[in-house]
Protein chains: 2
Amino acid sequence: MVVAVNDGEPCLLTIGQADTLPSGPFALEHRSPQSGLRGWVEQQTGHPLGYIEQLYTFADRDRVGPQRQQRVISISYLALTRKEQATAAPSTCGWQSWYEYFPWEDHRSGSPPVGLDVLRARLIEWADGADDPARQRERRQRVAIAFGFDDRHWNEELTLQRYELLYEAGLVEEASDGKAAPPPAAVSGKAMVADHRRILATGVTRLRSKIKYRPVVFELMRPTFTLLQLQRTVEALAGRLIDKPNFRRLVEQQELVEETGDTSVDTGGRPAKLYRFRRAVLDERAFAGTKLPMSRA
Amino acid sequence: MVVAVNDGEPCLLTIGQADTLPSGPFALEHRSPQSGLRGWVEQQTGHPLGYIEQLYTFADRDRVGPQRQQRVISISYLALTRKEQATAAPSTCGWQSWYEYFPWEDHRSGSPPVGLDVLRARLIEWADGADDPARQRERRQRVAIAFGFDDRHWNEELTLQRYELLYEAGLVEEASDGKAAPPPAAVSGKAMVADHRRILATGVTRLRSKIKYRPVVFELMRPTFTLLQLQRTVEALAGRLIDKPNFRRLVEQQELVEETGDTSVDTGGRPAKLYRFRRAVLDERAFAGTKLPMSRA
DNA sequence: TCCCATTATATTCGATCTGACAATAAGGGG
DNA sequence: CCCCTTATTGTCAGATCGAATATAATGGGA
């Protein structure tokens, strides 16, 4: 799964009918699958992959086809890059906004995305269709948490849980069992081959979580950028709006960026200072998770 | 990597001369390696694995031996269980404190572990032995961050980084290149077969991070426990002390536990209330990472 | 030229959280 | 009944966070 953000849209590299993630067998000439992936993508996009991370390894029997008596092992990766370079890429691959596959995940407009109410209604329908009342309550609760019902807040990090719920409820095309038709693609999103959309959901979840404690966003930025551009990129990934002054405060007090001295020729209004990522922070600081109530030193 | 905590010691299941992690080839009769692992460990320990998580998949050429022209794929897992059940386990496997392999990681005594000063000295030596001054500074900084020099605080989540630094500096047995002898095992820890100690370091890092945002500790607890026992378990994993009142506040305000009504027949002092894990929280709440400066809803 | 729309940047404020520490409660043993 | 030990509760200052306000710099139009 190769991700880039341009013009405020989080995009993903696809092949085929925009329904397949780039993939291939390991070639033995590479030392690791990582380096194989890197070479392949750099050739395709003309841009180096700044960041690669393993997502998950699938080794289940019966994953590919129904009754193959052979185990296929697939290692999925998450990679970050930029797509600006208009390279003469083969027409077999292209960039797609990832919200085409998950329309319900884009909350940047301030209001819920179109179709989310439809999904909610059908999810409640599904929950109420459970066998016994206990299971009904349990389903309703899961749906309420994942999709932010009642007084609960929307949690952008639950992308995978949401996709799994929709799958379980038969509301995405991949899970259509013939019983009930899923909603139109504008609501339930574009389907992908095999379990590729699930891998995508895993990657989105991982990335939305990761940007909060490691400075990986900068892999998606141009060498210099304004703070608003940086914010828009984070918003694109998170799928929700961020408070501008607070975002600036956060970035500045962590000393993640430094001014270049230049200002941006922008789209109107006061010119914005240009910044660059301070790569030194990667050496200066350790970026780790959250905290625990510590004891006296 | 199978982890349990008993009597305040974080333990790990080993085979061989306590230098090998349990492992085996996938059997085709299992649907997934996960279920194969589960069955195998349950048979060995007599206790169900409460939690399994994939750690990392190694698929590099040359990982096993120097010049095998065959790719071996290893999927490593982290699993949590309890070891109380004195099962008639085969003598081939046993439990070892994980601090036997990482003595420098145990900061629960309040003071730095014995031997850490030796490692620090030799690490600085290694840093100063770099080719050019720039590389020297870079090494010193990495060492200072990972091992908490100067005014920097000890960060328990950097276990993997620390092990990798020690490896790079040739201070662990696995990395001995014949040049300089690593410190004695009491300082540099017990070595393991192949890269098993690196996998272990990965697992420790992951677990130390995970306990902070997901309630996985309870997989290591008995059905009922006192808050101090819970705290001691977390401390065992984190390798550092926790403030008691603050820990209690954290656990209670998140409603992770409920009183059983009983009190513990304890080792002296006021009896402690017994608690049990509220499994319902897993359904009630979503446990996700940290926060981002959000916008007005 | 001056005003205004637009966007950037700086500052403030109250609520909440966190680390640190003090105080009180409830047992057992001498 | 005193005292030791551990459990439990409470307090308090500083940091952090979400929210909102105030000021600055540009271009465009009256």
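Within every chain, numbering begins at 1; the chains are lettered A, B, ... in the order of the sequence lines, protein sequences first and strands thereafter.
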Which residues satisfy the side chain to side chain donor-acceptor pair (under 3.5 Å) test with B:Arg162, sequence neighbours excluded?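 With neighbours one apart ignored, the set is B:Glu105.
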Go through the structure and list residues passing side chain to side chain donor-acceptor pair (under 3.5 Å) with A:Gln229, not counting sequence neighbours.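 By the side chain to side chain donor-acceptor pair (under 3.5 Å) rule, A:Gln229 matches no residue at all.
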What is the separation between atom [atom1] on [X] and atom [atom2] on [N], rounded to the nearest whole Å?
X: B:Glu252; N: C:dC17; atom1: CD; atom2: C1'; answer: 16 Å
X: A:Arg248; N: D:dG18; atom1: CZ; atom2: P; answer: 17 Å
X: A:Asn246; N: D:dA15; atom1: CG; atom2: P; answer: 18 Å
X: B:Lys273; N: D:dT6; atom1: NZ; atom2: C1'; answer: 14 Å
X: B:Gln229; N: D:dT8; atom1: CD; atom2: P; answer: 11 Å
X: A:Gln254; N: D:dA15; atom1: CD; atom2: P; answer: 16 Å
X: B:Lys244; N: C:dA22; atom1: NZ; atom2: C1'; answer: 14 Å
X: B:Leu230; N: D:dT8; atom1: CG; atom2: P; answer: 12 Å

Can you find a donor-acceptor pair, distance only, under 3.5 Å between A:Asp243 side chain and D:dA20 base? no
Pair of N/O donor and acceptor under 3.5 Å linking C:dG19 base with B:Arg249 side chain: yes
Tell me which nucleotide among C:dA22, D:dA7, C:dT11 gets nearest to the side chain of A:Pro245. C:dT11
Are B:Met221 and B:Leu230 packed together at the side-chain level, in the sense that at least one heavy-atom pair is separated by less than 4.5 angstrom? yes
What I'd like to find out is whether the side chain of B:Thr205 reaches to under 4.5 Å of the side chain of B:Thr202, using heavy atoms alone.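 No, their side chains stay 4.5 Å or more apart.
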May I ask you to say whether B:Arg198 pairs ionically with B:Glu164, meaning some side-chain N is under 4.0 Å from a carboxylate O?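 Yes, B:Arg198 and B:Glu164 are salt-bridged.
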Between B:Arg240 and B:Glu156, is there a salt bridge with N-O shorter than 4.0 Å?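 Counted as a salt bridge, because a side-chain N and a carboxylate O are separated by less than 4.0 Å.
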Mind checking B:Leu228 for me? I need base, sugar-phosphate or nothing, with any heavy atom below 4.0 Å counting as a touch.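 Contact class for B:Leu228: sugar-phosphate only.
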Tell me every residue that passes ring pair (Phe, Tyr, Trp, His ring centres under 6.0 Å) with A:Tyr163, counting only those two or more places apart in sequence or in another chain. none
Please round to 10 degrees the angle between the axis of the first five pairs and the axis of the last five pairs in the helix from C:dT1-D:dA30 to C:dG30-D:dC1. 30°
Any chance you could list the contact pattern along nucleotides 25-30 of chain D? Use B for base contacts, S for sugar-phosphate-only contacts and - for none, protein heavy atoms under 4.0 Å, 5' to 3'. BB----
Pairs touching residues 271-281 of chain A that satisfy side chain to side chain donor-acceptor pair (under 3.5 Å), sequence neighbours left out: A:Glu258-A:Arg276, A:Glu259-A:Lys273, A:Arg278-A:Glu284
Between A:Phe218 and A:Phe225, what is the ring plane arrangement, given parallel below 30°, perpendicular above 60°, and tilted in between?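 Taking A:Phe225 first and then A:Phe218, their aromatic rings sit tilted (interplane angle of 30° to 60°).
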